[in-house]
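Step one of this worksheet: look at the structure below.
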Amino acid sequence: QVHLVESGGGLVQAGGSLRLSCAASGRTFSNYAMGWFRQAPGKERNIVAAISWSGSRLYYLDSVKGRFTISRDNAKNTVYLQMNSLKPEDTAVYYCAADLTYSSGDSLPLSFREYDYWGQGTQVTVSS
């Protein structure tokens, strides 16, 4: 079992920054691929960023490239999402997720169906 807990969401003005954290417990954190997803009301849950277990492979949704940065600290069992230059369209519930089947050399998992465990989500609201 893996337990994921997100934190760091909140209300911010457009152009501002937030850093989301996702603390993991349970199985060896460094073996997972991790992803950040978001879901706005009435919309699908879509991937925002993903990171391999070593941090050497990264993925970003086109609309967040250059503004968001995903990183992980395996010693702290934590993955982060630094969000800068936030826009109202970034407003959503943000979820972190873990893919326990990921192996070194694999393409990063980009579909929510590929992830095994999910956090409870944290709300990010960007006002204009």
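Computed from a predicted structure; not experimentally measured.
Clustering ILVMFWY residues whenever any of their side-chain heavy atoms sit less than 4.5 angstrom apart, transitively, puts Val93 in a cluster other than the one holding Val5. A continuous path of ILVMFWY side-chain contacts below 4.5 Å connects Val64 to Leu58, so both sit in one hydrophobic cluster. With hydrophobic clusters built from ILVMFWY side chains whose heavy atoms lie under 4.5 angstrom apart, Tyr80 does not share a cluster with Leu86.
Put simply, the side chain of Gln120 reaches to within 4.5 Å of the side chain of Glu6, judged on heavy atoms. Counting heavy atoms from C-beta on, the side chains of Phe112 and Asn46 never come closer than 4.5 Å. In this structure, Leu100 and Val2 have side chains that are in contact, with non-hydrogen atoms separated by less than 4.5 Å. Inter-residue side-chain proximity for Gln1 and Tyr117 is flagged as met; some heavy-atom pair is nearer than 4.5 Å. Two residues are said to be in side-chain contact when any heavy atoms from C-beta on lie closer than 4.5 Å; Leu4 and Met34 meet this criterion. Looking at Ser25 and Asn77, their side chains never come closer than 4.5 Å, going by heavy atoms from C-beta outward. Side-chain contact check for Val79 versus Tyr32: every heavy-atom pair is 4.5 Å or farther apart. Using a 4.5 Å heavy-atom cutoff, the side chains of Leu108 and Tyr102 are in contact.
A distance-only check finds no donor-acceptor pair linking the side chain of Tyr95 to the backbone of Gln39 [under 3.5 Å]. Put simply, the side chain of Thr91 gets close to the backbone of Val126: a donor and an acceptor are under 3.5 Å apart. Here the side chain of Arg57 pairs no donor or acceptor atom with the backbone of Ala33 at under 3.5 angstrom. For the pair Asn74 (side chain) and Trp53 (backbone), a donor-acceptor distance under 3.5 Å is present. Checked by atom type and distance alone, the side chain of Thr78 pairs as donor or acceptor with a backbone atom of Lys76 at under 3.5 Å. At least one donor-acceptor pair under 3.5 Å links the side chain of Arg72 to the backbone N or O of Ser52. With hydrogens and angles disregarded, a donor-acceptor distance shorter than 3.5 Å links the side chain of Arg67 to the backbone of Ser85.
Nearest heavy atom pair, residue Tyr60 against residue Lys65, reads O-CE, 3.4 Å. The minimum heavy-atom distance linking Ala40 with Ala92 is given by the pair N-CB, 3.9 Å.
Under the rule for a side-chain hydrogen bond (donor to acceptor under 3.5 Å, both in side chains), Arg19 has no partner lying at least two apart in sequence or in another chain. Not a single side-chain hydrogen bond (donor to acceptor under 3.5 Å, both in side chains) links Glu89 to another residue, sequence neighbours left out.
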- Task: Show the numbers, then the answer: is there a side chain to side chain contact (heavy atoms under 4.5 Å, CB included) between Arg38 and Val124?
- Result: CA-CA 9 Å; Arg38 67 186 180 189; Val124 171; over 6 Å; no

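The CG atom of Leu18 lies 8.5 Å from the CD atom of Gln82; values are rounded to the nearest 0.5 Å. Taking SG of Cys96 as the reference point, atom CD1 of Ile70 lies at 9.5 Å (rounded to 0.5 Å).
Ion pairing between Asp90 and Lys87 fails under the 4.0 Å rule for side-chain N and carboxylate O.
The distance between the ring centers of Trp36 and Phe68 does not fall below 6.0 angstrom. Between Phe37 and Tyr115, the distance separating the two ring centers is shorter than 6.0 angstrom.
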